[in-house]
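Some notes on the structure that comes next.
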Amino acid sequence: LVAGLIVVRRAIGRLSWGRRGRELLSVLRRAFPLFLLAALTLLHFKIDTVMLGFLKPYSEVASYEAAAKLLEASQFLVRPLWMVFLPICAALVVGGQLSRLGVLLRKLSFGSAVMGFALAVPVIGAAAWIIPVVFGTGFEDSIPVLRVLYMSVPALFVATVAIFVAISLHLERAGGKIMTVGVVANVALNALLIPPFGALGAAWTTLVTQTIVAAWMIGLDVKALARLSAGTKT
């Protein structure tokens, strides 16, 4: 944060908060849907662990979290797409180049899905070797959990692309509604699957709800682009 403030001051100048309280509140109010979408995305990713802690012994939490940490590590491949392509997508929207944004959405969605499969397949195949190497002995229960969680990697990558394209189209509110449904579905499925299946049930819940969110977010982007393109032509 300090480094960021130094860069901003050197590039833009001294920040003056003086009489700009109303302007700041206005910006925060307009940005709230974006923050809410980010918070719901994080909640969707973490609610499984919380529910496991309430419904099962902590050994189940440990089994799930070991695999979940490796799932989080997979995002290092897709996060640069967000940083690079979100500004590009926003610029295309501002410039009215919606057809180019549609082409970019198709390429990014396909590329992220391929990248997700390319990562998931070897990890699923080598899970029995990866878990002992990373966490040592005693985490054998995490092996099937890791396999199921990594089945969700392609959907996770596609959802990441769909979310930043939705943000560039100012669809944070609609995206937030989708993520809210995803969180509710996640809680309901966890309540159903965790008692009989434990950590493995939570992993299957993540796979199902992540796939639903990814498909729904892509559909949101496609429909919005079609609507905006039709409005531009008329």
Side-chain angles (χ1 to χ4, degrees), residues 32-79 82 109 112-113 116-117 119-120 123-124 127 139 141-167 171-223:
F32 177 74
L34 180 60
F35 292 132
L36 180 61
L37 177 59
L40 288 169
T41 302
L42 181 61
L43 182 61
H44 181 261
F45 205 73
K46 287 295 185 182
I47 194 69
D48 309 81
T49 304
V50 176
M51 293 190 69
L52 271 169
F54 280 107
L55 298 174
K56 284 290 183 177
Y58 286 124
S59 59
E60 292 281 346
V61 178
S63 297
Y64 183 82
E65 270 296 286
K69 289 298 181 183
L70 294 177
L71 180 63
E72 288 181 32
S74 72
Q75 295 183 66
F76 82 93
L77 286 175
V78 76
R79 279 175 179 158
W82 183 296
S109 300
S112 61
F117 278 111
L119 176 63
V123 171
I124 291 170
F139 283 88
D141 290 344
S142 297
I143 294 172
V145 177
L146 179 63
R147 287 178 174 144
V148 174
L149 284 179
Y150 257 73
M151 292 180 192
S152 70
V153 167
L156 176 63
F157 284 12
V158 171
T160 300
V161 169
I163 288 172
F164 71 67
V165 172
I167 290 172
L171 297 173
E172 297 93 344
R173 293 181 185 275
K177 292 177 181 178
I178 291 173
M179 287 306 307
T180 299
V181 173
V183 170
V184 171
N186 198 311
V187 171
L189 278 176
N190 274 323
L192 183 66
L193 296 180
I194 287 177
F197 301 111
L200 194 58
W204 281 109
T205 295
T206 296
L207 173 60
V208 171
T209 57
Q210 190 64 60
T211 302
I212 292 172
V213 166
W216 200 348
M217 289 295 298
I218 285 290
L220 175 69
D221 293 340
V222 171
K223 289 180 180 178

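Between atom NZ of residue K56 and atom CD1 of residue I194 there is a gap of 9.0 Å, rounded to the nearest 0.5 Å. Note that CD of E65 and OH of Y58 are 12.5 Å apart. Values are rounded to the nearest 0.5 Å. The CG atom of L171 lies 12.0 Å from the CD1 atom of I163; values are rounded to the nearest 0.5 Å. The CG atom of L200 sits 9.0 Å away from atom CG of L149, with the distance rounded to the nearest 0.5 Å. R79 contributes atom CZ, which lies 8.5 Å from atom OG of S74 (distance to the nearest 0.5 angstrom). Taking CG of L193 as the start and CG of L55 as the end, the distance is 11.0 Å to the nearest 0.5 Å.
Of all heavy-atom pairs between S142 and A67, the closest is O-CB, 4.0 Å. Minimum heavy-atom separation, P154 to G116: CG-C, 3.8 Å. Closest non-hydrogen pair, Y64 versus A202, comes out as CE1-CB, 3.7 Å. The two residues P195 and N190 come nearest to each other via the heavy atoms CD-O, 3.7 Å. In terms of heavy atoms, Q210 sits closest to A159 at NE2-CB, 3.5 Å. Contact record, G176 with L40: O-CD1, 3.4 Å, taken as the closest heavy-atom pair.
Of the options T211, I124, V123, L146, a side chain to side chain contact (heavy atoms under 4.5 Å, CB included) to M151 is made by I124 and by none of the others.
Residues W82 and I167 meet the side-chain proximity criterion, which asks for heavy atoms closer than 4.5 Å. The shortest distance between side-chain heavy atoms of V50 and F54 falls below 4.5 Å. Between S109 and I218, the closest side-chain pair of non-hydrogen atoms falls below 4.5 Å.
Proximity of a side-chain donor or acceptor of S152 to a complementary backbone N or O of V148 within less than 3.5 Å is not detected. Of the possible polar contacts, none joining the N186 side chain to the G182 backbone as a donor-acceptor pair under 3.5 Å is found.
Contacts of F45 classified as ring-ring contact (aromatic ring centres under 6.0 Å, His included), with partners at least two apart in sequence or in another chain: none.
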